[in-house]
Amino acid sequence: MPELPEVETVRRSLERLLVGQTIAGIEVGSFAGVLGAVDPALVSAALEGRTITRLRRRGKFLFVDLDDGAGLEIHLRMTGHLEVANRDAPPLRFEHLTIRFASGYDLRFADQRKFGRVIFHAGDPEVELKTRLGPEPLLPAFTSEYLAGVLARRTAPIKSLLLDQRIVAGIGNIYADEALFLARLHPGRPGGSISAPEVRSLHRAIRRVLRSAIQYRGTTFSSYRDGTGQSGENQHRLNVYGRGRREEPCTRCSRPLAFLVIGQRTSHYCPNCQRL
DNA sequence: ACACTGCCCTGCGAGC
DNA sequence: TGCTCGCAGGGCAGTG
């Protein structure tokens with residue numbers, strides 16, 4: 001389940017391989033919806049001859065910048081996967097889009113569940129996403145004061161608010177649970193009930209959890225791999241995610257962890273360390 | 001403005 | 001053994 005650290009790891013793994021590559025053409029598989037509602041022929045015509053100048057990440061989105069100012073917006077959702085492969089290599093399982101380069105290499109996009117998208121934008125893709133995305137949690141604009149401001153007077157559970165990409169970009173179910181555990185906050189706490197010191201603690205926990213996960217190249221829970229097919233290592237460092245259902249012991253107090261459903265998402269937490 | 005629900009999609013594991 | 005069923009969840013549209 002790619003969240004910010006996984007998308008950042010993919011970006012880093014692909015950057016050197018993709019920048020400077022010139023697109024010779026694209027091939028769309030049986031699932032044309034991978035390109036959104038856009039006509040594949042138009043996308044193909046727009047991409048042909050363009051050279052990739054940069055790979056950027058914003059929240060869980062990956063942007064591929066092209067030399068004419070256009071770009072691709074890529075979202076992996078749950079099971080999306082990007083990989084660079086030799087032209088002659090066999091197709092990936094669930095491969096929906098192949099971008100062929102003049103060099104003889106391909107960028108392949110595969111997605112078992114067809115949730116992921118590769119959207120072409122004639123201009124900067126980030127501009128269209130601006131209103132839908134909050135600040136980058138690892139950049140200076142994401143301050144404790146900002147977080148306190150957007151949580152104030154909110155009645156929704158903090159877990160749901162952390163998953164809202166307009167509040168802060170890039171946090172998904174895994175890192176929301178991990179950050180709340182580090183900050184010792186119950187996932188069901190109303191956003192507005194969180195005190196100033198608690199917000200500071202949460203702010204610190206979010207940054208720590210994300211930084212550490214990037215360092216360990218993301219969490220491979222089921223299918224996640226980086227752009228070279230390599231698994232992450234952060235799954236061995238999780239405190240709560242995936243452990244509550246099995247009532248595994250808390251890494252801090254050794255009491256059994258628990259899980260509950262908040263906003264239709266499972267939340268793993270320690271009932272002893274994270275009290276309402 | 002905010003809170004919340006349902007939809008998309010399919011491999012996999014649990015249970016019968 | 002073989003089947004069915006429900007779960008996993010990010011983003012967005014839609015409702016109240």
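Note that the structure is a prediction, hence the values are computed from the model and not measured. For the numbers below, each heavy atom of this structure counts, side chains included, while hydrogens, waters and symmetry mates do not. Below, read A as the first sequence line, B as the second, and so on, with proteins coming before strands; counting in each chain starts at 1.
The CG-P distance, from A:D111 to C:dG10, rounds to 13 Å in whole Å. With rounding to whole Å, A:L161 atom CG is found 16 Å from B:dA1 atom P. To the nearest angstrom, P of C:dG10 lies 17 Å from CZ of A:R58. Between A:R246 atom CZ and C:dA8 atom C1' there is a gap of 14 Å when expressed in whole angstrom units. To the nearest angstrom, C1' of B:dC7 lies 12 Å from CZ of A:R117. Between A:R265 atom CZ and C:dC7 atom P the separation is 14 Å, expressed in whole Å. At whole-Å resolution of the value, CZ in A:F94 and P in B:dC9 are 15 Å apart.
Between A:R132 and the phosphate of C:dC12, there is a side-chain N or O to OP1/OP2 separation shorter than 4.0 Å. OP1 or OP2 of C:dG11 lies within a sub-4.0 Å distance of a side-chain N or O belonging to A:Q165.
Partner A:D65 forms a salt bridge (charged side-chain N to carboxylate O under 4.0 Å, His left out) with one of A:R11, A:R50, A:R58, A:R56 and no other, that one being A:R56.
The minimum heavy-atom distance linking A:Q274 with A:P187 is given by the pair NE2-CD, 4.2 Å. What you find for A:V7 and A:P2 is that their closest heavy atoms are CG2-CB, 4.1 Å.
The residue among A:Q112 and A:Q264 whose nearest nucleotide of DNA chain B is located toward the 5' end is A:Q264. Nearer to the 5' terminus of DNA chain B, by closest-nucleotide assignment, is the contact made by A:T155 (compared with the other of A:T155 and A:R93).
Side-chain atoms of A:R245 lie closest to C:dA8 of the nucleotides C:dG10, C:dA8, C:dG11.
Using cut-offs of 30° and 60° for the angle between ring planes, the A:H96 and A:F31 rings count as perpendicular.
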